[in-house]
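Below: the structure, in structure tokens.
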Amino acid sequence: MSTDPKLLDDLTARGLIQDTTDRQALADRLAEGPVTVYYGVDPTAPSLHVGNLIGLLTLRRFQQAGHRPVPLAGGATGMIGDPSGKSSERNLLGDDDLQANLAGIVPVLRQFLDFDEGENPAKLLDNRAWTVSLSILDFLRDVGKHVTINQMVAKESVKNRMAGDDGISFTEFSYMLLQAHDFLWLFEHERCEMQIGGSDQWGNISLGVDLIRRRTGAKAHGLTWPLLLQKDGSKYGKTAGGETIWLDAELMSPYRFYQAWIQVEDDELRKLLLWLTFLSTAEIDELVASHAEAPHRRVGQRRLASELTELVHGADAAAAAADASAAIFGGPVAQLDTMTFEMLADEVPTTRFDRSRLDDPDNLVSLLVDASIASSRSEAGRLLGQNGIAVNDVKVDLGVTIERSSLYHDRFCLVRKGKKSVFLLEFVDGD
RNA sequence: GGGUCGGUGCCCGAGUGGCCAAAGGGAUCGGACUGUAAAUCCGACGGCUUCGCCUACGUAGGUUCAAAUCCUACUCGGCCCA
């Protein structure tokens, strides 16, 4: 099977290459034929999030170019905690949590990678498989012997932590050896010649490359991309509101996922389109240019949001998220029909109440709290006082009551908090 | 094990007996301006039955009219010594 010779150039054009091992050797090897390439994810959270997005997309780019992707779940390394990019020691996760997290990431992987493709199917591996049975003596002899402490201490991630107040535990210090061992194992058992990761992984990746060379004399390859950072320099991964952007529909609905990208600022658009979509660089240039002509139409954000939502959640979910957004931000809510409201109820945070709540006078504050629109009665009062709540598009004050006549289609009531957050209240008959 | 410094609200960080629900900054949330953008400005930012009350400054006790501030024990973390 032949491979796409333009892969490296495309990644370069997108600005997705931060560091590589010997660039020419890598280009030659990729041109020669399919390469097995791995990207490791530690299951430290119940699902994957934006932080893993570039990795998944890059694996996909490799697969589309004819290479063989290996997503590696860090069932073993997840128990240790990678100090890279962390300023303080991690809490160790228990076995049960890890297993549950692992189960959570598999479906997401399937969205991105083809595991059934004839010639170069993706293969999911878990480093527990070869790590749990590893004896400490073997480990020290086969891995530790080939690495000097000097080398390890020189790594950026370790240096930072040694300079800090909290120090670094031996456990986390050892993390890079386990990762290097993974690479070696994959090289020997899966003919995996390449590891990719975010730039914070560079130290760990190059250590693995070195280990492979010392143990086998062979040349392995590494590639990292720049980290996706927010303006303040912190890792990307949260919405403006500080909510983690999950890739699992259970943890973040497609609508909210879509909204997270719709709200992206103009300055970030080009970069995000290049890094996170499969649109060609030419298409992106065009899109960014037309966006600049009429920024208020937000064509750039719309495209980014729908491309990404489709990638992560599928075409149907992406269309539904776009429809819901159009209904909510497009015009007067009063004009929406029952079907649209029912559709919205699936997309927007919706709370169901018994109709009897409508009979309480002055029920607004308690409804806001019960629907988790405000976290306390004090906050609800504050929001109302600051003109932050609109019921059915009308700003309301303290003391307002939601009654039967306020409902649309005798069931729904739409509450806005601020400009961007929308909630639906649904009133139904009690049992 | 010894010594030493420290543990304050979402985070950083002031405060060393009353004027402390606790300075300042960041984050966040509302408002104005806009384009569901950025920048800027304004306001809020423990809870409640809100002119008052309750809960909070590592944990548990104690001294005092009064403690985040003093004392005791415990606990956790940094650093130094062994």
Side-chain angles (χ1 to χ4, degrees), chain A residues 86-91 160-172 229-245 255-273 287-288 290-306 308-309 321-333 344 347-349 360-366 368-370 372-391 393-399 414-423:
Chain A
K86 299 283 185 310
S87 55
S88 57
E89 187 84 7
R90 289 232 208 130
N91 294 322
N160 292 342
R161 288 280 292 280
M162 304 248 301
D165 281 345
D166 299 328
I168 179 169
S169 71
F170 180 72
T171 303
E172 284 194 19
L229 297 176
Q230 307 188 101
K231 267 201 166 161
D232 63 4
S234 63
K235 279 194 187 179
Y236 212 95
K238 311 274 179 150
T239 62
E243 192 182 9
T244 302
I245 304 178
Y255 166 78
R256 282 187 298 150
F257 182 84
Y258 180 92
Q259 280 293 315
W261 300 107
I262 278 284
Q263 289 165 7
V264 142
E265 58 192 81
D266 291 2
D267 292 349
E268 303 277 290
L269 255 182
R270 189 186 156 75
K271 184 177 82 180
L272 292 172
L273 286 164
L287 184 57
V288 170
S290 76
H291 175 81
E293 271 170 39
H296 58 279
R297 294 180 51 214
R298 308 178 77 81
V299 287
Q301 281 91 341
R302 273 180 229 287
R303 190 66 188 276
L304 174 68
S306 55
L308 254 179
T309 308
D323 287 349
S325 300
I328 291 165
F329 293 99
V333 178
L344 284 181
E347 304 290 332
V348 171
D360 299 339
D362 202 10
N363 58 8
L364 187 53
V365 168
S366 57
L368 290 177
V369 173
D370 292 343
S372 302
I373 296 169
S375 61
S376 67
R377 300 179 64 85
S378 298
E379 198 197 328
R382 246 179 259 131
L383 276 169
L384 289 164
Q386 291 179 139
N387 215 18
I389 297 289
V391 173
D393 285 340
V394 180
K395 293 277 185 186
V396 292
D397 284 326
L398 214 54
L414 187 127
V415 179
R416 288 180 199 269
K417 174 184 155 229
K419 214 164 32 163
K420 301 174 189 170
S421 307
V422 175
F423 304 83

Name all residues meeting the side-chain hydrogen bond (donor to acceptor under 3.5 Å, both in side chains) criterion together with A/S372; count only those two or more places apart in sequence or in a different chain, and write none if there are none. none
Which nucleotide, if any, forms a Watson-Crick or G-U wobble pair with B/rA44, using both distances under 3.5 Å? B/rU28
Please name the nucleotide paired to B/rC70 by Watson-Crick or G-U wobble geometry with both distances under 3.5 Å, or report none. B/rG62
Distance check, C1' atoms only: B/rG77 and B/rU59, in whole angstrom units. 15 Å
Within the pair A/K420 and B/rA37, is there a side-chain N or O less than 4.0 Å away from OP1 or OP2? yes
Would you state whether a donor and an acceptor, one from the side chain of A/Q259 and one from the base of B/rU36, lie under 3.5 Å apart? yes
Could you pull out the protein-nucleic contacts involving nucleotides 47-50 of chain B (nitrogen or oxygen on both sides, under 3.5 Å)?
unit_1: B/rG47; atom_1: OP1; unit_2: A/S376; atom_2: OG; d: 2.9
unit_1: B/rG47; atom_1: OP2; unit_2: A/R382; atom_2: NH2; d: 2.7
unit_1: B/rC48; atom_1: OP1; unit_2: A/R377; atom_2: N; d: 2.8
unit_1: B/rC48; atom_1: OP2; unit_2: A/S378; atom_2: N; d: 2.6
unit_1: B/rC48; atom_1: OP2; unit_2: A/S378; atom_2: OG; d: 2.1
unit_1: B/rU49; atom_1: OP1; unit_2: A/R377; atom_2: NE; d: 3.2
unit_1: B/rU50; atom_1: O4; unit_2: A/S378; atom_2: OG; d: 3.0

Sticking with atom C1', work out how far B/rA23 lies from B/rC12, rounded to a whole angstrom. 14 Å
Nearest-Å distance, CH2 (A/W261) to P (B/rA37)? 16 Å
Examine distances only and state if a side-chain atom of A/R377 and a backbone atom of A/V365 form a donor-acceptor pair shorter than 3.5 Å. no
Any strand is fair game: report the nucleotide pairing with B/rA56 by Watson-Crick or G-U wobble, both distances under 3.5 Å, or none. none
Note, A/L384 side chain near A/L368 side chain (heavy atom, < 4.5 Å): yes
Starting at atom CG of A/D267, determine the distance to atom P of B/rA39, rounded to an integer number of angstrom. 9 Å
Using side-chain hydrogen bond (donor to acceptor under 3.5 Å, both in side chains) as the criterion, list what pairs up with A/D393, not counting sequence neighbours. A/R416
For A/R416 and B/rG31, give me the distance from atom CZ to atom C1', rounded to whole Å. 16 Å
Rounded to whole angstrom units, what separation is found between the CZ atom of A/R303 and the C1' atom of B/rA37? 20 Å
Taking 4.0 Å as the cut-off, does a side-chain nitrogen or oxygen of A/K395 come that near to OP1 or OP2 on B/rG31? yes
Between C1' of B/rA44 and CG of A/N387, the distance in whole Å: 14 Å
Hey, is the side chain of A/Q386 pairing donor to acceptor with the base of B/rG31 inside 3.5 Å? no
For atom CG of A/L383 and atom P of B/rG31, their distance in whole Å: 9 Å
Distance check, C1' atoms only: B/rU36 and B/rG31, in whole angstrom units. 16 Å
Once you apply the 3.5 Å cut-off to both distances, tell me the Watson-Crick or G-U wobble partner of B/rG1, or none. B/rC81
How far, in whole Å, is B/rA21 from B/rA56 if one measures between their P atoms? 14 Å
Here the distance between atom P of B/rG31 and atom CG of A/L384, to the nearest Å, is 12 Å
Residues two or more places apart in sequence or in another chain: which of them pass side chain to side chain contact (heavy atoms under 4.5 Å, CB included) with A/D360? A/R357, A/N363
With sequence neighbours excluded, tell me which residues meet side-chain hydrogen bond (donor to acceptor under 3.5 Å, both in side chains) with A/S325. A/Q259
Residues passing the salt bridge (charged side-chain N to carboxylate O under 4.0 Å, His left out) test with A/R270, sequence neighbours excluded, are A/D285
Can you list everything that forms a salt bridge (charged side-chain N to carboxylate O under 4.0 Å, His left out) with A/R303? Sequence neighbours excluded, please. A/E307
Atom-pair distance (CG on A/D397; P on B/rG30), nearest Å: 17 Å
Expressed as a whole number of Å, how far does the C1' atom of B/rC33 sit from that of B/rG43? 16 Å
Distance between the P atoms of B/rG58 and B/rC51, in whole angstroms? 31 Å
Partner nucleotide, any strand, of B/rG6 [Watson-Crick/G-U, under 3.5 Å]: B/rC76
Roughly how many Å apart are B/rG24 and B/rG9, using the C1' atom of each and rounding to a whole number? 14 Å
All side-chain hydrogen bond (donor to acceptor under 3.5 Å, both in side chains) counterparts of A/E347, not counting sequence neighbours: none
Side-chain donor/acceptor of A/E379 to backbone N/O of A/S375, under 3.5 Å: yes
A/R302 side chain vs A/A322 backbone, donor-acceptor pair below 3.5 Å: no
So which of residues 290-299 of chain A are in contact with RNA chain B, with a heavy-atom cut-off of under 4.0 Å? A/P295, A/H296, A/R298
For B/rC70 and B/rG6, measure between their P atoms and round to the nearest Å. 11 Å
